[in-house]
Amino acid sequence: MKIKYFIPVAACILMLCGCADTSYLEESSASDSSVTESVSDSSAEVKKSSSIFVQIEGAVKSPGVYEMSEGDRVFALIEKAGGFREDACTTDINQAEALSDGQKIIVMTRKEQKASDSSGSGNGSGASSDGKIDINQADAAELTTISGIGPMRADAIIAYREQNGRFKKPEDITKVSGIGESTYSRIKDRIKV
């Protein structure tokens, strides 16, 4: 009786092992791996395109160049750099500012800031005692203190200045892309050359 059951079971096993067409499994596996590769390639591209590199120096615990994500803010960079040192002057740092690729942030010590204030040079040497910002010398941080000038416009002013030289008169700021007559009329009392 045992042989009676053995023969049909063995025949089924042989039929399944030797005669079954498994090529569809190989095709399915190959297409699955190509889909996986495609997805991982596109996610790598997304990660690569959304990464920026920013340098932070001065009174932070670990100065250096850090890979950040597009849209990250200065406070996230400071955290990544280990935080402020005890002697850091934090009053001139806009921690809510959005980071941009290639940006360099310098955190001065309180002693350096005091010396800078007493010499009248300011952070980017664009601020003056009359409260006006020299658009030929101000850095991006100083330019963004002008109402109506955000980080993108500040970068545009600096780029224009680097490509075309110094502004000859305050009205020349209207030659910068994104700054028209209406913006100039709002900021003309805050800027100088």
Q: Give me the atom names and distance for the closest heavy-atom approach of E70 to I52.
A: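 E70 and I52 have their closest heavy atoms at CG-CG2, 4.0 Å.
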Q: The test is side chain to side chain contact (heavy atoms under 4.5 Å, CB included); show your working for I105 and L99 and say whether it passes.
A: CA-CA 10 Å; I105 296 176; L99 296 171; 3.8 Å; yes
Q: Can you give me the closest heavy-atom contact between I135 and R161, atom names plus distance?
A: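 Looking at all heavy atoms of both residues, the closest pair is O-NH1, 2.7 Å.
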Q: Go through the structure and list residues passing salt bridge (charged side-chain N to carboxylate O under 4.0 Å, His left out) with K168, not counting sequence neighbours.
A: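 Testing K168 for salt bridge (charged side-chain N to carboxylate O under 4.0 Å, His left out), a comparison that skips the adjacent residues, returns none.
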Q: Closest heavy-atom contact between I149 and I187?
A: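 Heavy atoms of I149 and I187 come nearest at CD1-CD1, 4.2 Å.
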Q: Measuring from atom CD1 of I106 to atom CD1 of I93, what distance do you get when rounded to the nearest 0.5 angstrom?
A: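 So the gap between those two atoms works out to 9.0 Å.
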Q: Given side chains that start at C-beta, do those of Q103 and M68 come closer than 4.5 Å, heavy atoms only?
A: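 No; the side chains remain at least 4.5 Å from each other.
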Q: Quick one: list whatever passes salt bridge (charged side-chain N to carboxylate O under 4.0 Å, His left out) with D72, sequence neighbours left out.
A: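 Once residues adjacent in sequence are excluded, D72 has no partner under the salt bridge (charged side-chain N to carboxylate O under 4.0 Å, His left out) criterion.
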Q: Working to the nearest 0.5 Å, report the span between NZ of K188 and OG1 of T174.
A: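 It comes to 12.0 Å.
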Q: Which Ile, Leu, Val, Met, Phe, Trp or Tyr residues join V65 in one cluster when any pair of side-chain heavy atoms under 4.5 Å counts as a link?
A: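 When side chains under 4.5 Å apart are linked, the cluster holding V65 also contains F53.
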Q: Any chance you could measure D172, atom CG, to R166, atom CZ, to the nearest 0.5 Å?
A: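 Here the rounded value is 11.5 Å.
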Q: Check A88 against A59 and note the closest heavy-atom contact, atom names and distance.
A: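 Minimum heavy-atom separation between A88 and A59: CB-O, 3.5 Å.
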Q: I'd like a table of donor-acceptor pairs (distance under 3.5 Å, sequence neighbours excluded) in which one partner is a side-chain atom from residues 73-81, with atom names and distances.
A:
| unit_1 | atom_1 | unit_2 | atom_2 | d |
| --- | --- | --- | --- | --- |
| R73 | NH1 | A96 | O | 2.8 |
| K80 | NZ | E67 | O | 2.6 |

Q: Could you report the tightest heavy-atom contact between P63 and G58, atom names first, then the distance?
A: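 For P63 and G58, the tightest heavy-atom pair comes out as CG-O, 4.1 Å.
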Q: About how many Å separate OG1 of T91 and CZ of R110, when rounded to the nearest 0.5 Å?
A: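 Rounded to the nearest 0.5 Å, the CZ-OG1 separation comes to 10.0 Å.
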Q: Are any side-chain N or O atoms of N136 and backbone N or O atoms of F167, one a donor and one an acceptor, separated by less than 3.5 Å?
A: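 The answer is yes, because a donor-acceptor pair under 3.5 Å joins these two groups.
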Q: Check salt bridge (charged side-chain N to carboxylate O under 4.0 Å, His left out) between D87 and all other residues, then give those that pass, not counting sequence neighbours.
A: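 Partners of D87 by the salt bridge (charged side-chain N to carboxylate O under 4.0 Å, His left out) criterion, ordered by chain and then number, come out as R85.
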Q: Measuring from atom OH of Y66 to atom CD1 of I56, what distance do you get when rounded to the nearest 0.5 angstrom?
A: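 Atom-to-atom, Y66:OH and I56:CD1 are 8.0 Å apart.
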Q: Show every donor-acceptor pair shorter than 3.5 Å between a side-chain atom in residues 150-160 and any protein atom, with sequence neighbours excluded, or say none if there are none.
A:
| unit_1 | atom_1 | unit_2 | atom_2 | d |
| --- | --- | --- | --- | --- |
| R153 | NE | G178 | O | 3.0 |
| R153 | NH1 | G148 | O | 2.9 |
| R153 | NH2 | G178 | O | 3.1 |

